[in-house]
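Positions are given from 1, in the same order as the sequence printed here. The shown structure was predicted, so the numbers you read here are calculated from the model rather than taken from an experiment.
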Amino acid sequence: MPRRCPRAGRRALGLALFFAAVLPSAATAQLPDLVADPAEDPTFGRYPDPVGETPDDTSLLLRFSGYVHNIGPAPLDLWGTVPGLTQYTTGVDAGSADRLVAAPGASAAWSAVSGSSVPVTYEPYRVGGRFQVRDAVEYTLWDLAGTTQILGPSRNDACFGDIEPDPTPLGPDAPIYGTALDPVSVCGQDQPTSTTVRMGISEGYRAVLDADLDRQWLDVSRVPPGRYRIGTRVDPANHIAEANEANNGVALSEPVTVPGFRAAPVSVTVRPGASVDIALSATRFDATAEVSPEAPFGYADAGTPRYRVDSLPSHGRLTDAAGRAVAPGWTGDADPTALRYTSDGSPGVDTFAYSTLNIVGGTVEPVPARAAVLPRVSITVGVSTPLTTSGGPKAAVRKLRVFRRVLSGRTLRLTVRAPISGRAIGVVRAAGRVVGRCRVSARRGRILVCRVRLPRVYDAGALVADLRIVRGAVQYRRRMRVGRGVVVSMSAVRRGPRLTTRLRTRTSGSATVTPLPGKGVRGTCSAPVSRGRTLTCRFVLRSGARPRIIRAVLTDGRGRRVVYDRAMPRPKPVGGTARVGTPR
(Lines give C-alpha, C1' and ligand atoms only; values in the text may rest on other atoms or scores of the structure.)
Protein backbone atom coordinates (compact mmCIF):
# COMPACT_ATOMS: atom_id res chain seq x y z
CA MET A 1 0.00 0.00 0.00
CA PRO A 2 1.56 3.37 -1.00
CA ARG A 3 2.43 5.75 1.81
CA ARG A 4 0.74 9.16 2.01
CA CYS A 5 2.86 12.25 1.70
CA PRO A 6 3.15 14.48 4.78
CA ARG A 7 0.79 17.49 4.69
CA ALA A 8 3.64 19.94 4.02
CA GLY A 9 4.82 17.76 1.14
CA ARG A 10 1.32 17.66 -0.31
CA ARG A 11 1.05 21.44 -0.21
CA ALA A 12 4.39 21.84 -1.95
CA LEU A 13 3.30 19.32 -4.53
CA GLY A 14 0.01 21.21 -4.92
CA LEU A 15 1.84 24.48 -5.68
CA ALA A 16 3.97 22.73 -8.24
CA LEU A 17 0.87 21.33 -9.92
CA PHE A 18 -0.80 24.75 -9.78
CA PHE A 19 2.03 26.45 -11.66
CA ALA A 20 2.23 23.52 -14.05
CA ALA A 21 -1.49 24.01 -14.79
CA VAL A 22 -0.95 27.45 -16.34
CA LEU A 23 1.90 26.24 -18.56
CA PRO A 24 1.43 24.46 -21.90
CA SER A 25 2.06 21.09 -20.24
CA ALA A 26 -0.89 21.30 -17.79
CA ALA A 27 -1.33 18.65 -15.15
CA THR A 28 -3.90 15.97 -15.77
CA ALA A 29 -7.27 16.86 -14.20
CA GLN A 30 -8.46 14.61 -11.39
CA LEU A 31 -11.95 13.58 -10.28
CA PRO A 32 -13.63 13.03 -6.90
CA ASP A 33 -14.74 9.63 -5.60
CA LEU A 34 -18.05 9.64 -3.71
CA VAL A 35 -19.07 6.76 -1.46
CA ALA A 36 -21.82 6.27 1.12
CA ASP A 37 -21.09 5.81 4.81
CA PRO A 38 -23.55 3.69 6.85
CA ALA A 39 -26.63 5.54 8.11
CA GLU A 40 -26.63 6.50 11.79
CA ASP A 41 -28.93 7.96 14.48
CA PRO A 42 -32.08 5.91 13.71
CA THR A 43 -35.20 7.57 15.14
CA PHE A 44 -38.92 6.90 14.80
CA GLY A 45 -40.87 10.06 13.97
CA ARG A 46 -43.90 11.28 12.07
CA TYR A 47 -44.17 13.43 8.95
CA PRO A 48 -43.08 17.08 9.30
CA ASP A 49 -45.60 19.92 9.11
CA PRO A 50 -44.05 22.40 6.62
CA VAL A 51 -47.26 23.93 5.24
CA GLY A 52 -49.56 23.88 8.25
CA GLU A 53 -51.28 20.61 7.39
CA THR A 54 -52.14 17.97 9.97
CA PRO A 55 -49.17 15.59 10.41
CA ASP A 56 -49.79 11.97 9.36
CA ASP A 57 -49.64 9.96 12.59
CA THR A 58 -50.69 6.69 10.96
CA SER A 59 -47.34 6.12 9.21
CA LEU A 60 -44.35 4.72 11.10
CA LEU A 61 -41.31 6.61 9.77
CA LEU A 62 -37.78 5.38 10.37
CA ARG A 63 -35.60 8.51 10.27
CA PHE A 64 -31.78 8.47 10.12
CA SER A 65 -28.73 10.56 9.19
CA GLY A 66 -27.07 9.88 5.82
CA TYR A 67 -23.53 10.64 4.66
CA VAL A 68 -21.87 11.36 1.29
CA HIS A 69 -18.09 10.91 1.64
CA ASN A 70 -15.45 12.07 -0.88
CA ILE A 71 -12.48 9.66 -0.68
CA GLY A 72 -11.05 10.64 -4.08
CA PRO A 73 -7.92 12.61 -5.05
CA ALA A 74 -9.82 15.79 -6.03
CA PRO A 75 -12.76 17.86 -4.81
CA LEU A 76 -16.30 17.65 -6.11
CA ASP A 77 -17.01 21.16 -7.42
CA LEU A 78 -20.37 22.03 -8.99
CA TRP A 79 -20.92 25.47 -10.46
CA GLY A 80 -23.28 26.87 -12.99
CA THR A 81 -26.69 28.06 -13.96
CA VAL A 82 -29.90 26.59 -12.57
CA PRO A 83 -31.33 24.02 -13.25
CA GLY A 84 -28.19 22.20 -14.48
CA LEU A 85 -24.79 22.69 -12.81
CA THR A 86 -21.44 22.02 -14.49
CA GLN A 87 -18.92 19.80 -12.73
CA TYR A 88 -15.39 21.25 -12.59
CA THR A 89 -12.14 19.46 -11.93
CA THR A 90 -8.60 20.59 -11.19
CA GLY A 91 -5.10 19.25 -11.29
CA VAL A 92 -3.92 21.30 -8.31
CA ASP A 93 -3.58 20.01 -4.74
CA ALA A 94 -6.57 20.29 -2.40
CA GLY A 95 -4.77 22.75 -0.14
CA SER A 96 -4.30 25.33 -2.84
CA ALA A 97 -5.98 28.71 -2.34
CA ASP A 98 -6.92 28.54 -6.01
CA ARG A 99 -10.11 26.82 -4.95
CA LEU A 100 -11.39 30.07 -3.47
CA VAL A 101 -11.45 32.01 -6.74
CA ALA A 102 -14.64 33.79 -7.67
CA ALA A 103 -15.35 31.28 -10.42
CA PRO A 104 -13.68 28.02 -11.48
CA GLY A 105 -13.21 29.30 -15.00
CA ALA A 106 -11.08 32.19 -13.71
CA SER A 107 -8.10 29.88 -13.30
CA ALA A 108 -6.48 27.68 -15.90
CA ALA A 109 -6.12 25.00 -13.21
CA TRP A 110 -9.88 24.36 -13.38
CA SER A 111 -11.68 22.82 -16.32
CA ALA A 112 -15.24 21.68 -16.93
CA VAL A 113 -15.98 17.98 -17.19
CA SER A 114 -17.11 17.40 -20.74
CA GLY A 115 -20.89 16.93 -21.06
CA SER A 116 -21.56 17.35 -17.33
CA SER A 117 -24.98 18.63 -16.27
CA VAL A 118 -26.01 17.92 -12.69
CA PRO A 119 -29.74 18.69 -12.14
CA VAL A 120 -30.67 20.85 -9.13
CA THR A 121 -33.94 22.13 -7.72
CA TYR A 122 -34.82 24.70 -5.06
CA GLU A 123 -36.61 23.29 -2.00
CA PRO A 124 -38.08 25.99 0.30
CA TYR A 125 -38.45 23.70 3.34
CA ARG A 126 -34.78 22.74 3.69
CA VAL A 127 -33.22 24.93 6.43
CA GLY A 128 -34.91 28.06 5.14
CA GLY A 129 -34.57 27.01 1.49
CA ARG A 130 -31.70 25.54 -0.52
CA PHE A 131 -30.81 24.28 -3.96
CA GLN A 132 -30.45 20.48 -3.90
CA VAL A 133 -28.82 18.00 -6.26
CA ARG A 134 -31.66 15.80 -7.44
CA ASP A 135 -31.53 12.06 -6.66
CA ALA A 136 -28.24 12.50 -4.80
CA VAL A 137 -28.72 9.48 -2.50
CA GLU A 138 -30.83 6.34 -2.47
CA TYR A 139 -32.16 4.56 0.64
CA THR A 140 -33.32 0.96 0.98
CA LEU A 141 -34.18 -1.48 3.79
CA TRP A 142 -32.48 -4.89 3.96
CA ASP A 143 -32.86 -8.01 6.05
CA LEU A 144 -30.53 -8.59 8.98
CA ALA A 145 -28.11 -10.65 6.86
CA GLY A 146 -27.90 -7.88 4.22
CA THR A 147 -28.77 -10.26 1.37
CA THR A 148 -32.42 -9.41 0.62
CA GLN A 149 -33.86 -5.97 -0.07
CA ILE A 150 -37.11 -5.48 1.85
CA LEU A 151 -38.14 -1.90 1.02
CA GLY A 152 -37.24 0.84 -1.44
CA PRO A 153 -35.50 2.31 -3.25
CA SER A 154 -36.35 5.81 -2.01
CA ARG A 155 -34.29 8.64 -3.50
CA ASN A 156 -33.58 11.97 -1.84
CA ASP A 157 -32.02 15.28 -2.89
CA ALA A 158 -29.01 16.79 -1.10
CA CYS A 159 -26.99 19.98 -0.72
CA PHE A 160 -23.28 19.11 -0.83
CA GLY A 161 -20.86 20.77 1.58
CA ASP A 162 -17.84 20.16 3.84
CA ILE A 163 -19.69 19.26 7.05
CA GLU A 164 -17.40 16.66 8.69
CA PRO A 165 -13.70 15.90 8.03
CA ASP A 166 -12.27 12.44 7.57
CA PRO A 167 -10.17 11.23 10.56
CA THR A 168 -7.18 11.07 8.15
CA PRO A 169 -7.98 13.96 5.81
CA LEU A 170 -6.63 14.08 2.28
CA GLY A 171 -7.71 17.62 1.63
CA PRO A 172 -7.52 21.09 3.17
CA ASP A 173 -7.10 21.77 6.87
CA ALA A 174 -10.34 23.74 7.02
CA PRO A 175 -13.61 23.16 5.16
CA ILE A 176 -13.99 25.06 1.89
CA TYR A 177 -17.54 24.41 0.69
CA GLY A 178 -19.94 26.01 3.08
CA THR A 179 -17.54 28.30 4.99
CA ALA A 180 -14.59 29.77 3.11
CA LEU A 181 -16.67 30.31 -0.04
CA ASP A 182 -19.23 32.48 1.75
CA PRO A 183 -20.67 35.01 0.98
CA VAL A 184 -20.84 33.23 -2.39
CA SER A 185 -23.55 31.19 -0.58
CA VAL A 186 -23.03 27.50 -1.16
CA CYS A 187 -26.29 25.82 -2.28
CA GLY A 188 -27.89 29.25 -2.74
CA GLN A 189 -29.39 29.21 0.74
CA ASP A 190 -32.30 31.62 1.14
CA GLN A 191 -31.86 32.77 -2.49
CA PRO A 192 -34.75 31.17 -4.41
CA THR A 193 -34.37 33.56 -7.37
CA SER A 194 -30.63 32.92 -7.78
CA THR A 195 -29.59 31.64 -11.19
CA THR A 196 -26.00 30.76 -10.25
CA VAL A 197 -25.23 28.15 -7.60
CA ARG A 198 -22.04 26.55 -6.31
CA MET A 199 -21.56 23.55 -4.00
CA GLY A 200 -19.14 20.69 -3.51
CA ILE A 201 -17.22 18.34 -1.17
CA SER A 202 -13.46 18.58 -0.57
CA GLU A 203 -11.28 15.48 -0.40
CA GLY A 204 -11.50 13.81 2.98
CA TYR A 205 -14.77 15.55 3.88
CA ARG A 206 -18.35 14.36 3.86
CA ALA A 207 -21.78 15.96 3.54
CA VAL A 208 -24.27 15.11 6.30
CA LEU A 209 -28.01 14.71 5.74
CA ASP A 210 -29.50 15.08 9.22
CA ALA A 211 -32.30 12.79 10.34
CA ASP A 212 -34.71 15.71 10.83
CA LEU A 213 -34.58 16.81 7.18
CA ASP A 214 -37.58 16.39 4.91
CA ARG A 215 -37.82 12.93 3.23
CA GLN A 216 -34.84 11.68 5.24
CA TRP A 217 -36.76 8.55 6.16
CA LEU A 218 -38.14 5.16 5.13
CA ASP A 219 -41.85 4.46 5.66
CA VAL A 220 -41.89 1.11 7.50
CA SER A 221 -45.62 1.14 8.32
CA ARG A 222 -46.24 -2.06 6.35
CA VAL A 223 -42.91 -3.75 7.02
CA PRO A 224 -43.23 -6.91 9.16
CA PRO A 225 -41.80 -6.34 12.64
CA GLY A 226 -38.22 -7.58 13.01
CA ARG A 227 -34.58 -6.59 12.74
CA TYR A 228 -33.31 -4.85 9.58
CA ARG A 229 -30.48 -2.73 8.18
CA ILE A 230 -30.68 0.62 6.36
CA GLY A 231 -28.91 0.73 2.99
CA THR A 232 -27.43 3.93 1.48
CA ARG A 233 -26.13 4.45 -2.08
CA VAL A 234 -24.66 7.66 -3.53
CA ASP A 235 -25.39 9.13 -6.97
CA PRO A 236 -27.73 6.34 -8.13
CA ALA A 237 -28.54 8.23 -11.38
CA ASN A 238 -24.80 8.64 -12.16
CA HIS A 239 -25.00 12.43 -12.68
CA ILE A 240 -21.49 13.00 -11.26
CA ALA A 241 -18.21 11.94 -12.91
CA GLU A 242 -15.97 10.06 -10.44
CA ALA A 243 -12.50 8.61 -10.34
CA ASN A 244 -13.96 5.21 -9.41
CA GLU A 245 -17.48 4.37 -10.52
CA ALA A 246 -17.26 0.77 -9.27
CA ASN A 247 -17.46 1.49 -5.52
CA ASN A 248 -20.94 3.07 -5.42
CA GLY A 249 -22.44 0.05 -3.69
CA VAL A 250 -24.88 -0.05 -0.78
CA ALA A 251 -23.51 0.77 2.69
CA LEU A 252 -25.48 -1.08 5.40
CA SER A 253 -26.16 0.35 8.85
CA GLU A 254 -26.16 -1.34 12.23
CA PRO A 255 -29.31 -3.41 12.95
CA VAL A 256 -32.50 -1.51 13.78
CA THR A 257 -35.77 -3.05 14.98
CA VAL A 258 -39.21 -2.33 13.52
CA PRO A 259 -41.59 -2.78 16.50
CA GLY A 260 -44.63 -5.03 16.59
CA PHE A 261 -45.63 -8.68 16.69
CA ARG A 262 -44.89 -11.36 14.07
CA ALA A 263 -47.01 -14.50 13.91
CA ALA A 264 -45.16 -17.69 14.86
CA PRO A 265 -45.77 -21.31 13.77
CA VAL A 266 -48.00 -23.37 16.03
CA SER A 267 -48.50 -27.15 16.04
CA VAL A 268 -51.18 -29.11 17.91
CA THR A 269 -52.42 -32.72 17.90
CA VAL A 270 -56.06 -33.89 17.94
CA ARG A 271 -57.91 -37.20 17.54
CA PRO A 272 -60.13 -37.72 14.44
CA GLY A 273 -63.53 -36.15 15.03
CA ALA A 274 -62.40 -34.39 18.23
CA SER A 275 -61.91 -30.69 18.99
CA VAL A 276 -58.95 -28.74 20.34
CA ASP A 277 -58.37 -25.13 21.39
CA ILE A 278 -55.62 -23.42 19.40
CA ALA A 279 -53.33 -21.01 21.22
CA LEU A 280 -52.02 -18.63 18.58
CA SER A 281 -48.60 -17.14 19.20
CA ALA A 282 -46.55 -14.14 18.10
CA THR A 283 -42.99 -12.93 18.61
CA ARG A 284 -42.66 -9.45 20.11
CA PHE A 285 -40.17 -6.92 18.70
CA ASP A 286 -39.50 -3.80 20.78
CA ALA A 287 -38.05 -0.73 19.08
CA THR A 288 -34.30 -0.23 19.58
CA ALA A 289 -34.24 3.23 17.98
CA GLU A 290 -35.23 6.38 19.85
CA VAL A 291 -38.65 7.97 19.40
CA SER A 292 -38.94 11.62 18.39
CA PRO A 293 -40.31 13.86 21.17
CA GLU A 294 -42.86 15.26 18.70
CA ALA A 295 -44.32 11.80 18.07
CA PRO A 296 -47.71 11.04 19.69
CA PHE A 297 -48.22 8.73 22.65
CA GLY A 298 -47.51 5.09 21.81
CA TYR A 299 -46.20 5.97 18.34
CA ALA A 300 -43.45 3.31 18.16
CA ASP A 301 -44.68 0.90 20.83
CA ALA A 302 -45.01 -2.76 19.97
CA GLY A 303 -48.71 -2.28 20.65
CA THR A 304 -51.21 -5.08 21.15
CA PRO A 305 -51.36 -8.06 18.77
CA ARG A 306 -54.60 -9.15 17.17
CA TYR A 307 -54.81 -12.36 15.21
CA ARG A 308 -56.36 -12.70 11.75
CA VAL A 309 -57.25 -15.91 9.93
CA ASP A 310 -56.08 -15.74 6.31
CA SER A 311 -57.24 -19.18 5.09
CA LEU A 312 -59.32 -22.11 6.37
CA PRO A 313 -58.34 -25.74 7.03
CA SER A 314 -59.29 -28.37 4.43
CA HIS A 315 -60.49 -31.17 6.72
CA GLY A 316 -61.90 -29.41 9.74
CA ARG A 317 -63.94 -26.50 11.04
CA LEU A 318 -62.83 -23.36 12.86
CA THR A 319 -65.09 -21.60 15.37
CA ASP A 320 -64.58 -18.60 17.64
CA ALA A 321 -65.14 -18.35 21.38
CA ALA A 322 -68.89 -17.92 20.83
CA GLY A 323 -69.10 -21.05 18.66
CA ARG A 324 -69.59 -19.12 15.41
CA ALA A 325 -67.95 -20.31 12.21
CA VAL A 326 -64.76 -18.45 11.23
CA ALA A 327 -64.35 -17.15 7.68
CA PRO A 328 -61.15 -15.92 5.94
CA GLY A 329 -60.36 -12.41 7.15
CA TRP A 330 -61.78 -13.06 10.62
CA THR A 331 -60.06 -10.88 13.20
CA GLY A 332 -60.39 -11.86 16.83
CA ASP A 333 -59.49 -10.06 20.00
CA ALA A 334 -56.14 -10.38 21.73
CA ASP A 335 -57.14 -13.65 23.46
CA PRO A 336 -54.66 -16.19 22.04
CA THR A 337 -57.04 -19.15 22.60
CA ALA A 338 -60.09 -17.71 20.88
CA LEU A 339 -60.16 -20.42 18.16
CA ARG A 340 -61.34 -24.03 18.29
CA TYR A 341 -60.61 -26.61 15.59
CA THR A 342 -63.01 -29.55 15.08
CA SER A 343 -61.74 -32.43 12.94
CA ASP A 344 -64.07 -34.03 10.37
CA GLY A 345 -62.44 -37.42 10.99
CA SER A 346 -59.99 -37.30 8.07
CA PRO A 347 -56.52 -38.47 9.18
CA GLY A 348 -53.34 -36.68 8.18
CA VAL A 349 -52.09 -33.11 8.36
CA ASP A 350 -54.42 -30.14 8.09
CA THR A 351 -53.28 -26.53 7.97
CA PHE A 352 -54.55 -23.00 7.88
CA ALA A 353 -52.72 -19.67 7.82
CA TYR A 354 -52.95 -16.72 10.16
CA SER A 355 -51.19 -13.43 10.70
CA THR A 356 -51.16 -10.55 13.15
CA LEU A 357 -52.36 -6.96 13.12
CA ASN A 358 -50.36 -4.60 15.31
CA ILE A 359 -52.59 -2.10 17.07
CA VAL A 360 -50.37 0.79 18.13
CA GLY A 361 -51.37 3.67 20.39
CA GLY A 362 -52.78 4.61 23.78
CA THR A 363 -56.12 5.79 25.07
CA VAL A 364 -55.00 9.25 26.12
CA GLU A 365 -54.00 10.31 22.62
CA PRO A 366 -55.15 7.50 20.33
CA VAL A 367 -53.13 6.66 17.25
CA PRO A 368 -55.00 4.86 14.43
CA ALA A 369 -54.21 1.19 13.98
CA ARG A 370 -50.98 0.42 12.12
CA ALA A 371 -52.02 -2.67 10.17
CA ALA A 372 -48.68 -4.29 9.36
CA VAL A 373 -49.82 -7.33 7.36
CA LEU A 374 -47.32 -10.09 7.96
CA PRO A 375 -46.37 -13.07 5.79
CA ARG A 376 -48.72 -16.01 6.04
CA VAL A 377 -47.86 -18.41 8.84
CA SER A 378 -49.07 -22.01 8.71
CA ILE A 379 -50.46 -23.90 11.69
CA THR A 380 -50.22 -27.67 11.45
CA VAL A 381 -53.30 -29.34 12.92
CA GLY A 382 -53.39 -33.14 13.22
CA VAL A 383 -50.57 -35.69 13.17
CA SER A 384 -48.02 -36.57 10.51
CA THR A 385 -49.22 -40.22 10.30
CA PRO A 386 -52.76 -41.50 9.65
CA LEU A 387 -54.93 -41.61 12.77
CA THR A 388 -55.79 -45.33 12.70
CA THR A 389 -55.39 -46.11 16.40
CA SER A 390 -57.54 -45.11 19.30
CA GLY A 391 -56.38 -43.17 22.29
CA GLY A 392 -54.22 -40.06 22.32
CA PRO A 393 -54.41 -37.01 24.54
CA LYS A 394 -57.90 -36.13 25.70
CA ALA A 395 -59.01 -32.52 25.48
CA ALA A 396 -59.34 -31.17 29.00
CA VAL A 397 -59.47 -27.88 30.87
CA ARG A 398 -58.46 -28.23 34.49
CA LYS A 399 -58.34 -25.74 37.29
CA LEU A 400 -54.97 -24.10 37.90
CA ARG A 401 -53.99 -23.28 41.45
CA VAL A 402 -52.37 -19.85 41.71
CA PHE A 403 -50.10 -19.50 44.71
CA ARG A 404 -49.70 -15.72 44.72
CA ARG A 405 -50.59 -12.58 42.82
CA VAL A 406 -48.89 -9.27 43.66
CA LEU A 407 -49.55 -5.85 42.09
CA SER A 408 -46.61 -3.49 42.65
CA GLY A 409 -46.82 -0.18 40.79
CA ARG A 410 -47.27 -1.06 37.13
CA THR A 411 -46.09 -4.68 37.44
CA LEU A 412 -48.40 -7.60 38.22
CA ARG A 413 -46.66 -10.88 39.20
CA LEU A 414 -48.50 -14.21 38.99
CA THR A 415 -46.63 -17.03 40.76
CA VAL A 416 -47.64 -20.70 40.31
CA ARG A 417 -46.20 -24.22 40.47
CA ALA A 418 -46.65 -25.70 36.98
CA PRO A 419 -48.63 -28.98 36.95
CA ILE A 420 -47.41 -29.76 33.41
CA SER A 421 -44.69 -28.63 31.02
CA GLY A 422 -45.84 -26.28 28.29
CA ARG A 423 -46.44 -22.62 27.59
CA ALA A 424 -47.86 -20.27 30.23
CA ILE A 425 -49.98 -17.38 28.92
CA GLY A 426 -51.24 -14.57 31.11
CA VAL A 427 -53.79 -11.95 30.00
CA VAL A 428 -54.88 -9.03 32.21
CA ARG A 429 -58.04 -7.04 31.44
CA ALA A 430 -59.40 -3.82 32.91
CA ALA A 431 -63.12 -3.19 32.38
CA GLY A 432 -63.08 -5.79 29.61
CA ARG A 433 -60.08 -4.30 27.76
CA VAL A 434 -56.75 -6.12 27.49
CA VAL A 435 -54.13 -3.97 29.24
CA GLY A 436 -51.22 -6.43 29.51
CA ARG A 437 -50.00 -9.94 28.84
CA CYS A 438 -47.08 -12.25 29.51
CA ARG A 439 -45.71 -15.51 28.09
CA VAL A 440 -43.21 -17.83 29.77
CA SER A 441 -42.19 -21.47 29.45
CA ALA A 442 -43.47 -23.86 32.12
CA ARG A 443 -41.71 -26.96 33.46
CA ARG A 444 -43.62 -29.53 35.44
CA GLY A 445 -43.15 -29.16 39.20
CA ARG A 446 -41.20 -25.90 38.89
CA ILE A 447 -42.25 -22.48 40.15
CA LEU A 448 -42.85 -19.98 37.35
CA VAL A 449 -43.40 -16.23 37.60
CA CYS A 450 -45.44 -14.53 34.88
CA ARG A 451 -44.86 -10.74 34.96
CA VAL A 452 -47.34 -8.40 33.28
CA ARG A 453 -46.34 -4.79 32.61
CA LEU A 454 -49.39 -2.53 32.78
CA PRO A 455 -49.55 0.66 30.67
CA ARG A 456 -50.64 2.78 33.64
CA VAL A 457 -51.96 2.34 37.20
CA TYR A 458 -55.51 1.03 36.97
CA ASP A 459 -57.90 0.50 39.86
CA ALA A 460 -57.07 -2.95 41.24
CA GLY A 461 -60.76 -3.80 41.43
CA ALA A 462 -61.00 -3.42 37.64
CA LEU A 463 -58.16 -5.86 36.92
CA VAL A 464 -58.97 -9.47 36.01
CA ALA A 465 -56.09 -11.90 35.40
CA ASP A 466 -56.45 -15.01 33.20
CA LEU A 467 -53.54 -17.46 33.50
CA ARG A 468 -53.30 -20.61 31.35
CA ILE A 469 -50.74 -23.38 30.94
CA VAL A 470 -51.22 -25.19 27.63
CA ARG A 471 -49.64 -28.32 26.21
CA GLY A 472 -51.32 -29.84 23.17
CA ALA A 473 -54.96 -30.54 24.00
CA VAL A 474 -54.42 -30.30 27.78
CA GLN A 475 -54.98 -26.96 29.41
CA TYR A 476 -54.86 -25.64 32.99
CA ARG A 477 -56.61 -22.33 33.56
CA ARG A 478 -57.53 -19.92 36.33
CA ARG A 479 -59.29 -16.55 36.24
CA MET A 480 -59.16 -14.24 39.23
CA ARG A 481 -59.61 -10.65 40.35
CA VAL A 482 -56.39 -8.96 41.36
CA GLY A 483 -57.69 -7.16 44.45
CA ARG A 484 -60.43 -5.18 46.13
CA GLY A 485 -60.68 -1.94 44.24
CA VAL A 486 -61.52 1.62 45.23
CA VAL A 487 -64.44 1.89 42.79
CA VAL A 488 -67.67 0.22 43.95
CA SER A 489 -69.55 0.89 40.70
CA MET A 490 -69.45 3.15 37.68
CA SER A 491 -72.33 3.39 35.22
CA ALA A 492 -72.89 5.45 32.09
CA VAL A 493 -76.10 6.09 30.13
CA ARG A 494 -76.10 7.81 26.77
CA ARG A 495 -79.35 9.18 25.33
CA GLY A 496 -78.77 10.95 22.07
CA PRO A 497 -76.20 13.68 22.68
CA ARG A 498 -76.57 13.53 26.48
CA LEU A 499 -74.24 11.38 28.56
CA THR A 500 -74.83 10.75 32.30
CA THR A 501 -72.33 8.92 34.52
CA ARG A 502 -72.65 7.80 38.15
CA LEU A 503 -69.69 6.86 40.33
CA ARG A 504 -69.57 5.24 43.80
CA THR A 505 -66.30 4.65 45.69
CA ARG A 506 -65.06 2.92 48.85
CA THR A 507 -63.03 5.91 49.95
CA SER A 508 -63.38 9.67 50.25
CA GLY A 509 -61.35 12.17 48.25
CA SER A 510 -61.68 13.91 44.89
CA ALA A 511 -62.62 12.56 41.47
CA THR A 512 -62.41 13.77 37.88
CA VAL A 513 -64.61 12.04 35.28
CA THR A 514 -63.77 12.57 31.60
CA PRO A 515 -64.99 11.01 28.31
CA LEU A 516 -61.97 10.23 26.07
CA PRO A 517 -61.11 11.38 23.47
CA GLY A 518 -62.47 14.69 24.69
CA LYS A 519 -62.92 16.37 21.30
CA GLY A 520 -66.50 17.53 20.90
CA VAL A 521 -67.44 16.87 24.56
CA ARG A 522 -69.09 19.77 26.41
CA GLY A 523 -68.97 19.90 30.20
CA THR A 524 -66.49 19.02 32.93
CA CYS A 525 -66.84 17.05 36.14
CA SER A 526 -64.37 17.42 39.03
CA ALA A 527 -65.79 17.18 42.52
CA PRO A 528 -65.22 15.71 46.00
CA VAL A 529 -66.50 12.18 46.60
CA SER A 530 -67.61 10.57 49.84
CA ARG A 531 -67.47 6.93 50.75
CA GLY A 532 -70.67 5.14 49.68
CA ARG A 533 -72.13 8.29 48.05
CA THR A 534 -72.91 8.65 44.35
CA LEU A 535 -71.27 11.30 42.17
CA THR A 536 -73.39 12.19 39.11
CA CYS A 537 -71.78 13.87 36.07
CA ARG A 538 -73.54 15.10 32.91
CA PHE A 539 -72.00 15.84 29.50
CA VAL A 540 -73.25 16.91 26.06
CA LEU A 541 -71.70 15.38 22.94
CA ARG A 542 -71.49 17.58 19.89
CA SER A 543 -72.09 16.22 16.40
CA GLY A 544 -69.14 14.08 15.34
CA ALA A 545 -67.88 13.40 18.89
CA ARG A 546 -66.73 9.80 19.25
CA PRO A 547 -65.52 9.15 22.82
CA ARG A 548 -64.47 5.54 23.42
CA ILE A 549 -64.06 5.27 27.19
CA ILE A 550 -65.17 6.98 30.39
CA ARG A 551 -62.19 7.59 32.67
CA ALA A 552 -62.41 8.32 36.40
CA VAL A 553 -59.27 9.58 38.15
CA LEU A 554 -59.54 9.34 41.94
CA THR A 555 -57.25 10.84 44.60
CA ASP A 556 -57.77 9.92 48.25
CA GLY A 557 -56.83 11.94 51.33
CA ARG A 558 -53.29 10.54 51.33
CA GLY A 559 -52.63 11.65 47.77
CA ARG A 560 -52.81 8.14 46.31
CA ARG A 561 -54.13 8.12 42.75
CA VAL A 562 -55.89 5.41 40.74
CA VAL A 563 -57.43 5.35 37.27
CA TYR A 564 -60.63 3.50 36.40
CA ASP A 565 -61.81 3.04 32.79
CA ARG A 566 -65.20 2.00 31.48
CA ALA A 567 -66.17 1.31 27.87
CA MET A 568 -68.38 3.94 26.25
CA PRO A 569 -72.04 2.73 26.10
CA ARG A 570 -74.08 2.66 22.92
CA PRO A 571 -76.57 5.52 22.52
CA LYS A 572 -80.16 4.71 23.50
CA PRO A 573 -83.01 5.69 21.14
CA VAL A 574 -84.50 9.14 21.55
CA GLY A 575 -88.06 9.33 20.27
CA GLY A 576 -87.72 5.91 18.65
CA THR A 577 -84.56 6.78 16.72
CA ALA A 578 -80.94 6.53 17.87
CA ARG A 579 -79.27 9.82 17.09
CA VAL A 580 -76.10 11.59 18.16
CA GLY A 581 -75.66 15.35 17.99
CA THR A 582 -76.30 18.65 19.68
CA PRO A 583 -80.02 19.29 20.34
CA ARG A 584 -81.62 22.29 18.72
Side-chain angles (χ1 to χ4, degrees), residues 52-58 296-299 303-304 306 322 331 333-334 359-371 429-435 455-459 461-464 485-506 508-530 532-555 561-584:
E53 298 178 352
T54 302
D56 187 353
D57 294 341
T58 64
F297 176 77
Y299 180 75
T304 302
R306 289 184 181 268
T331 302
D333 59 16
I359 309 303
V360 177
T363 55
V364 176
E365 187 178 354
V367 178
R370 176 170 60 89
R429 293 178 173 84
R433 297 174 54 251
V434 175
V435 295
R456 58 185 302 124
V457 180
Y458 284 85
D459 183 16
L463 295 179
V464 177
V486 175
V487 176
V488 175
S489 64
M490 181 175 177
S491 63
V493 178
R494 181 180 177 185
R495 294 184 181 276
R498 303 186 183 279
L499 176 65
T500 304
T501 66
R502 292 179 173 85
L503 174 70
R504 293 184 64 190
T505 65
R506 288 189 175 91
S508 299
S510 62
T512 300
V513 180
T514 309
L516 296 175
K519 184 177 181 180
V521 178
R522 296 172 56 189
T524 59
C525 187
S526 296
V529 290
S530 300
R533 298 293 182 88
T534 300
L535 172 64
T536 302
C537 299
R538 294 179 175 85
F539 304 93
V540 176
L541 307 182
R542 295 179 179 176
S543 177
R546 296 292 185 270
R548 298 179 181 177
I549 63 173
I550 307 297
R551 170 162 296 171
V553 180
L554 296 99
T555 306
R561 180 174 176 268
V562 297
V563 178
Y564 189 94
D565 286 351
R566 189 191 188 282
M568 183 72 182
R570 294 179 177 273
K572 292 188 176 182
V574 177
T577 305
R579 59 188 178 89
V580 177
T582 304
R584 296 180 181 178

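Separation of atoms CZ (Arg502) and CZ (Arg504) is listed at 12.0 Å; rounding is to 0.5 Å. Arg538 contributes atom CZ, which lies 9.0 Å from atom OG1 of Thr501 (distance to the nearest 0.5 angstrom). Note that CG of Leu535 and CG of Leu503 are 6.0 Å apart. Values are rounded to the nearest 0.5 Å. Rounding to the nearest 0.5 Å gives a distance of 9.5 Å between CZ of Phe539 and OG1 of Thr500.
Side-chain contact between Arg522 and Arg542 is present, with heavy atoms from C-beta onward closer than 4.5 Å. Using a 4.5 Å heavy-atom cutoff, the side chains of Ile550 and Leu499 are in contact. A 4.5 Å side-chain heavy-atom check between Arg551 and Val513 finds every atom pair outside the cut-off.
Scanning all heavy atoms of the two residues, the minimum distance from Ser508 to Ser530 falls at OG-CA, 3.6 Å. Nearest heavy atom pair, residue Ala545 against residue Lys519, reads CB-O, 3.7 Å. The nearest pair of heavy atoms linking Ala511 to Val529 is CB-CG1, 3.7 Å.
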